[in-house]
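One is the number of the first residue; the rest follow in order along the sequence.
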Amino acid sequence: MVLLQLKDVELAFGDHVLLDRVNVEIHAGERVCVVGRNGAGKSTLLKMLQGDVVADDGVVQRRDMLRIATLQQELPQAHSAPVYDVVAQGLGEVGEIIAQYHDETARGSDADLKKLERLQSRIEAADGWSWQQKVEAIIDRLNLPAETPFDRLSGGWQRRVMLARALVVEPELLILDEPTNHMDVATIEWLEEQLKQFNGTLVFISHDRAFVQHLATRILDLDRGHIYSWDGDYQSFLGYREKRLEDEATQNALFDKRLAEEEKWIRQGIKARRTRNEGRVERLKAMRTERKARREVQGSANLSLNSGDSSGKLVFELDDVRFAWADEQPQVAGFTTTVLRGDRIGLVGPNGVGKSTLLKLLLGNLQPQAGRLKTGTRLEVAYFDQARHQLDEDKSIADNVADGKDHVIVNGNSRHIIGYLGDFLFSGERARTPVRALSGGERNRVLLAKLFLKPCNLLVMDEPTNDLDVETLELLEEKLAEYDGTLLLVSHDRAFIDNVVTQLWVFSPGGHIDEHVGGYSDWFERTREQRQQAQAQTRMQSQAQDKAAKSAAKAAETQPEAAATKGKKLSYKLQRELDALPDQIAAAEAKRDELLALTSSADFYSQSSDYVQQQLALLTAAEEQLNQLEERWLELEEMAS
């Protein structure tokens with residue numbers, strides 16, 4: 001079923017053509033990802049789908065009574081309304097009434113009964129009680145703090161609330177613009193599962209390649225005003241796009257060759273302009289017009305890193321470092337580690353858990369409250385700030401990067417600032433644009449251009465991947481892989497972490513930090529095995545409790561029979577067995593706990609496969625033995641009672 005259709009749609013802002021007679025259909029049940037370069041018009045296309053932007057020409061058809069909900073790229077201005085009210089407001093006028101009714105009832109004995117009666121009448125008139133249940137159901141499903149003010153939540157939690165606000169209307173078409181921005185890895189994975197369970201149609205934009213790969217069933221590539229559709233996942237789309245661009249380049253080369261031959265013919269002299277050749281002349285004019293209208297593939301950014309002089313072998317040494325903000329749980333709780341020259345470390349963990357705080361401690365912007373932090377020698381630091389505080393929004397791109405100068409020094413050579421910014425895909429005219437007029441991805445490119453002018457042997461990057469298009473992301477990966485200095489990286493982009501770092505610092509609430517060798521995928525696989533073991537242990541304990549409950553129930557059923565024989569003593573042999581069982585159970589529990597601690601250690605799965613399998617088999621045997629002892633103890637206790 002077609003929910004929405006674009007027919008020969010055109011849209012341009014001035015001379016910049018965003019949509020050039022495009023035709024697109026969105027079908028029920030699809031999960032469609034829109035991809036393309038920064039500034040290609042992806043967000044504008046989504047606004048057109050939802051009706052906020054009108055096409056210059058063509059037709060946008062929506063199915064009658066189509067319910068559409070959106071999650072915008074930018075979070076709304078924070079306000080103090082409770083989460084419940086923000087979610088309910090997604091229902092429009094009836095949601096406002098439900099929110100007022102909820103707030104008034106929350107006052108308890110201080111509630112205005114007359115106001116409650118008026119609100120109740122309005123809810124009944126709008127058939128609003130069923131919608132109230134849906135508000136409460138979606139808040140419960142997404143585990144949201146209903147009474148917490150919206151402005152007290154982190155960016156990731158605010159996005160959860162806005163998602164609930166979009167879902168509460170039970171949309172048939174859900175439109176998401178960069179939904180993973182400001183989210184930590186755990187929340188992104190949670191969002192993936194929520195969207196996979198969504199029964200409607202999804203159209204979304206994301207530069208998180210892992211997110212797109214896991215979620216999208218179809219890709220729309222917006223490229224120079226045209227849309228190319230691919231049915232399949234993101235990895236297969238990459239091969240299709242590469243082949244399409246190769247074919248386009250081949251066709252353009254053949255066209256240019258024919259055009260060159262015609263241009264040579266027209267210059268041969270007046271004889272070529274005889275009446276019998278007027279058709280050929282007209283074809284040449286048409287070819288010139290077609291060539292002039294061609295929009296070339298946008299080039300890739302040309303990033304270069306200057307690692308400067310080598311630092312000392314020791315970069316940082318931390319011994320039991322601790323830090324906590326006032327009246328809050330620790331951000332860093334007793335962290336001990338050593339960072340050596342050339343280490344490539346990724347910092348991962350939930351939002352607000354302390355990643356940026358640790359970076360500030362390492363850079364000297366904060367001082368440890370306990371412990372010792374030693375900094376190495378000859379460090380030249382470049383710091384990418386996720387908040388982009390280093391940029392002056394009122395200044396132009398060129399003035400931000402070159403501090404008002406016409407030339408910059410790049411790897412020891414002088415270059416004009418306009419030429420240098422061209423490496424970062426900014427034209428001469430664009431380079432004079434104020435930063436405040438740029439998209440998020442363009443601002444990140446400005447900060448990278450400013451950062452990469454500085455020679456550094458310690459590169460500290462806090463969320464550099466936000467808003468960057470995939471092509472620039474991949475190039476940044478390549479340059480960071482070539483960088484021979486020390487790298488500290490905070491990112492929620494799982495693919496980016498995998499491709500750049502060689503070890504992880506994994507943060508947990510309470511300031512605990514674990515060190516792991518490898519990238520995100522390596523860590524995820526190791527911890528998944530540990531989680532599976534923990535879940536298996538929980539199931540076994542639950543089964544043991546069920547057996548104990550069944551035994552107790554059976555004993556209750558045979559109570560009259562047991563009463564008749566009450567006072568009967570166990571035999572000497574069985575009594576000795578019963579007396580010995582508590583010590584045997586305690587010993588079995590100790591053995592089980594010892595093996596659990598061993599198999600749960602961070603480096604357990606980095607050892608040989610034979611050793612790992614042997615210890616897991618011992619753990620299984622220990623758990624079975626413990627279960628048998630507990631069952632025998634219950635059996636003897638019943639006999640003795």
Worksheet item: So do Pro368 and Phe323 actually touch side chain to side chain, heavy atoms under 4.5 Å?
Response: no

Item to complete: For Arg494, enumerate each residue passing the side chain to side chain donor-acceptor pair (under 3.5 Å) test, keeping only those at least two apart in sequence or located in another chain.
Response: Glu192

Fill in: Distance-only side-chain donor-acceptor flag, Asp462 / Ser356, under 3.5 Å
yes

Worksheet item: Does the side chain of Glu380 pick up a donor-acceptor pair with the side chain of Ser311 at under 3.5 Å?
Response: no

Discussion item. Does either side chain, that of Arg209 or that of Gln235, offer a donor lying less than 3.5 Å from an acceptor on the other one?
Written reply: no

Discussion item. For Cys456 versus Tyr483, what's the shortest heavy-atom pair and its separation?
Written reply: O-OH, 3.1 Å

Fill in: CZ (Arg372) with more than 12 external heavy atoms under 6.0 Å
yes

Practice prompt. Give a yes or no on this: more than 12 heavy atoms of other residues, nucleotides or ligands lie within 6.0 Å of atom NZ of Lys196.
Written response: yes

Worksheet item: Is the closest side-chain heavy-atom distance between Thr180 and Phe204 below 4.5 Å?
Response: no

Worksheet item: Within 45° of the ring axis of Phe426 and under 6.0 Å from its six-membered ring centre, is that where the NZ or CZ of Arg445 lies?
Response: yes

Worksheet entry | Side-chain heavy atoms of Leu318 within contact of Leu362, under 4.5 Å | yes

Worksheet entry | Shortest non-hydrogen separation from Arg31 to Leu195 and the atoms involved | CD-O, 4.4 Å

Fill in: N/O donor-acceptor pair under 3.5 Å between Glu317 side chain and Lys374 backbone
no

Worksheet item: Any side-chain heavy atom of Thr338 within less than 4.5 Å of one from Leu340?
Response: yes

Worksheet item: Going by atom types only, do His512 and Asp514 share a side-chain donor-acceptor pair under 3.5 Å?
Response: yes

Fill in: Minimum-distance pair of heavy atoms, taken over all atoms of Leu191 and Pro179
CD2-CB, 3.9 Å

Worksheet item: If we only count heavy atoms from C-beta on, is the Val212 to Phe237 side-chain gap below 4.5 Å?
Response: no

Worksheet item: With the threshold set at 4.0 Å, does a side-chain nitrogen-carboxylate oxygen contact exist between Lys395 and Asp403?
Response: no

Practice prompt. Look at the aromatic rings of Tyr520 and Trp523 and report parallel, tilted or perpendicular, splitting at 30° and 60°.
Written response: tilted

Practice prompt. Calculate, to the nearest 0.5 Å, the distance between atoms CZ and CG belonging to Arg443 and Leu447 respectively.
Written response: 11.5 Å

Worksheet item: When rounded to the nearest 0.5 angstrom, what distance separates CD1 in Ile205 from OG in Ser43?
Response: 4.0 Å

Discussion item. Please verify the inter-ring angle class for Phe424 with Phe452; under 30° counts as parallel, over 60° as perpendicular, anything in between as tilted.
Written reply: tilted

Item to complete: Would you give the length of the straight line joining atom OG of Ser427 to atom CZ of Arg432, rounded to the nearest 0.5 angstrom?
Response: 9.0 Å

Worksheet item: So, Thr486 and Asp343: side-chain donor and acceptor under 3.5 Å apart, yes or no?
Response: no

Practice prompt. Show your reasoning for whether side chain to side chain contact (heavy atoms under 4.5 Å, CB included) applies to Leu438 and Arg430.
Written response: CA-CA 9 Å; Leu438 304 180; Arg430 193 65 170 167; 3.7 Å; yes

Worksheet item: Any side-chain donor-acceptor pair under 3.5 Å between Gln503 and His516?
Response: no

Worksheet entry | Those residues that, when tested against Ser521, pass side chain to side chain donor-acceptor pair (under 3.5 Å) (two or more places apart) | Asp498

Worksheet item: What's the spacing between Leu458 CG and Phe316 CZ if we round to 0.5 Å?
Response: 5.0 Å

Discussion item. Can you confirm whether more than 12 heavy atoms, excluding those of Arg152, are under 6.0 Å from its CZ atom?
Written reply: no

Response to the item:
Residues Pro464 and Val490: closest non-hydrogen pair is CD-O, 3.6 Å

Discussion item. Could you measure the distance from the NZ atom of Lys42 to the SG atom of Cys33? Nearest 0.5 Å is fine.
Written reply: 9.5 Å

Item to complete: Answer whether the closest heavy-atom distance between the side chains of Glu463 and His492 falls below 4.5 Å.
Response: yes

Worksheet, complete the sentence: Separation between CZ (Arg322) and CG (Leu373), nearest 0.5 Å, reads 14.0 Å

Worksheet item: Any side-chain heavy atom of Leu142 sitting closer than 4.5 Å to one from Ile139?
Response: no

Worksheet item: Can you tell if the side chain of Phe335 reaches within under 4.5 Å of the side chain of Leu358, non-hydrogen atoms only?
Response: yes

Item to complete: For Gln158 and Asp151, work out which heavy atoms get closest and say how close.
Response: NE2-CA, 4.0 Å

Worksheet item: Would you say the side-chain atoms of Asn499 pair up with the backbone N or O of Phe496, donor to acceptor, closer than 3.5 Å?
Response: no

Worksheet item: Looking only at heavy atoms, what is the nearest atom pair of Ser491 and Ile497, with distance?
Response: O-CD1, 3.2 Å

